[in-house]
Structures are given as structure tokens and as C-alpha cells.
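Report on the structure given below.
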Amino acid sequence: MSAAAPSVFRPKAEPLGPFKVGVGGFLVVGVAHLALAAAAAWGDPTPQQEATSAAMRTTRMTLLGLERSTLDVVNGMSSVMALFVISCALLALFAARHSPALVERRTAFAWTLFAASLAAMAISILFLPLPPIIVFTVTSCAFALSLRRAAP
């Protein structure tokens with residue numbers, strides 16, 4: 001009789017789950033940003049907020065021949081960037097759904113999202129309040145875990 005060591009079967013961890021968490025974090029940040037911007041635009045501003053907005057309305061700049069107020073540029077860029085983050089997250093989900101190998105293997109696709117998440121986390125730490133710092137920390141960890149679970 002031979003003594004055989006008991007084998008423990010562990011299924012390989014799936015990289016798609018953490019990937020979806022990371023992409024979900026991007027969606028949360030983009031949607032929350034648009035919601036907060038809308039609430040601020042439709043809410044009653046404090047006297048300090050009104051004074052700041054008035055100063056930004058009177059300060060004008062010309063970009064590529066178009067004159068805009070600083071307030072218009074800040075609001076416009078903010079909205080466009082939020083929509084861009086949402087669009088990129090949705091595209092990442094669609095791409096992973098239709099071509100899972102993009103996530104199941106360590107591809108430039110997954111590394112790019114991980115790098116973007118790390119950059120967003122660093123910028124958040126420098127300039128933003130706690131909620132985006134937490135979300136981008138979670139997204140960075142999720143993308144890192146997804147890459148770790150992916151095949152080389």
C-alpha cells in the first residue's frame with residue numbers, strides 16, 4: 001500500500017470579478033460627480049459660493065478664439081471629464097464581456113486601467129476629499145488583484 005498525500009483542489013481565482021469592481025469604482029466616481037454638480041447647480045448657494053461664482057463669471061479667458069468665463073470653463077471641463085470617465089468604464093465592461101481574454105491574461109488593456117486608477121488615486125490624495133480617495137484606492141486594489149489572478 002502506498003500512502004498518497006491528500007490533494008486539495010483549489011479552483012483558480014477568477015480575474016474578472018475584481019476587474020468589475022475596479023470598473024464599478026470608475027462608474028461610481030463619474031456618476032457621483034455629475035450628481036453633485038447638478039445638485040450644486042440647482043441648489044441655493046451660500047453667500048460665499050455666490051461670491052466665488054460671481055468672481056469666476058467676471059474672469060474671462062480666450063481659448064482657441066472662443067471667449068468663455070472661468071466658471072463656464074471649470075463647469076464644462078468638470079462635466080466632460082465625468083462623462084468621459086463613465087464612457088471609459090462602460091467601454092471597459094463591454095470589451096471585457098465580449099473579449100474576456102483582455103482580463104483573463106495580463107494585457108495592456110488591464111495594465112492601462114490599473115495605471116489610470118493609480119494616477120487618479122494620487123491626484124485624489126493631493127487635491128480631493130476623502131470619498132474619491134477611498135474609491136480610487138479600492139479600484140487600484142481591485143485592478144491589481146485582477147492582474148495578479150490573470151494568466152501571464
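Worth saying up front: this structure is predicted, and the values here are computed from it rather than measured.
- The number of heavy atoms from other shown groups lying within 6.0 Å of CD (Q48) does not exceed 12.
- Remark: the backbone N or O of P15 is not paired with any side-chain donor or acceptor of R148 at under 3.5 angstrom.
- Taking CE from M121 and CG from L126, the interatomic distance works out to 10.5 Å, rounded to the nearest 0.5 Å.
- The shortest heavy-atom contact between L147 and A110 is CD2-CB, 3.5 Å.
- Atom CE of residue M56 and atom CG of residue N75 lie 6.5 Å apart, to the nearest 0.5 angstrom.
- Residues passing the side chain to side chain contact (heavy atoms under 4.5 Å, CB included) test with L16 are E14, F19, K20, A96, V103, sequence neighbours excluded.
- F26 approaches A89 most closely through the heavy-atom pair CB-CB, 3.8 Å.
- Residues V85 and M81 are members of separate hydrophobic clusters, defined by side-chain heavy-atom contacts under 4.5 angstrom among Ile, Leu, Val, Met, Phe, Trp and Tyr.
- Nearest approach of H33 to A82, heavy atoms of both residues: CD2-CB, 3.5 Å.
- By the rule that hydrophobic residues join a cluster once side-chain heavy atoms approach within less than 4.5 Å of another member, L128 and V28 end up as members of separate clusters.
- For T112 (side chain) and A108 (main-chain N/O), a donor-acceptor pair under 3.5 Å exists by modelled atom type.
- Side-chain heavy atoms closer than 4.5 Å link hydrophobic residues (I, L, V, M, F, W, Y) into clusters, and following such links, possibly through other members, connects F94 to V31.
- Hydrophobic clustering, with ILVMFWY side chains joined whenever heavy atoms are under 4.5 angstrom apart, keeps L113 apart from I123.
- Taking CG of L145 as the start and CZ of F114 as the end, the distance is 10.5 Å to the nearest 0.5 Å.
- Every pair passing salt bridge (charged side-chain N to carboxylate O under 4.0 Å, His left out) that includes a residue from residues 34-55 is listed here, sequence neighbours excluded: E50-R57.
- Here T58 pairs with nothing under the side chain to side chain contact (heavy atoms under 4.5 Å, CB included) rule; sequence neighbours left out.
- Taken from CZ in R97 to CG in L102, the straight-line distance is 14.5 Å, to the nearest 0.5 Å.
- Linking Ile, Leu, Val, Met, Phe, Trp and Tyr residues whenever their side-chain heavy atoms come within less than 4.5 Å leaves V73 and L71 in two separate clusters.
- For S69, the side-chain hydrogen bond (donor to acceptor under 3.5 Å, both in side chains) partners are D72, not counting sequence neighbours.
- Contact detail for T107 and A101: the closest heavy-atom pair is CG2-O, 3.8 Å.
- Applying the side-chain hydrogen bond (donor to acceptor under 3.5 Å, both in side chains) rule to pairs touching residues 130-146 yields S117-T139, S117-S140, sequence neighbours excluded.
- Listed by chain and number, the residues in a side chain to side chain contact (heavy atoms under 4.5 Å, CB included) with P100 are E104 (sequence neighbours excluded).
- L93 contributes atom CG, which lies 11.5 Å from atom SG of C88 (distance to the nearest 0.5 angstrom).
- Using modelled atom types, no side-chain atom of R106 and backbone atom of A151 make a donor-acceptor pair closer than 3.5 Å.
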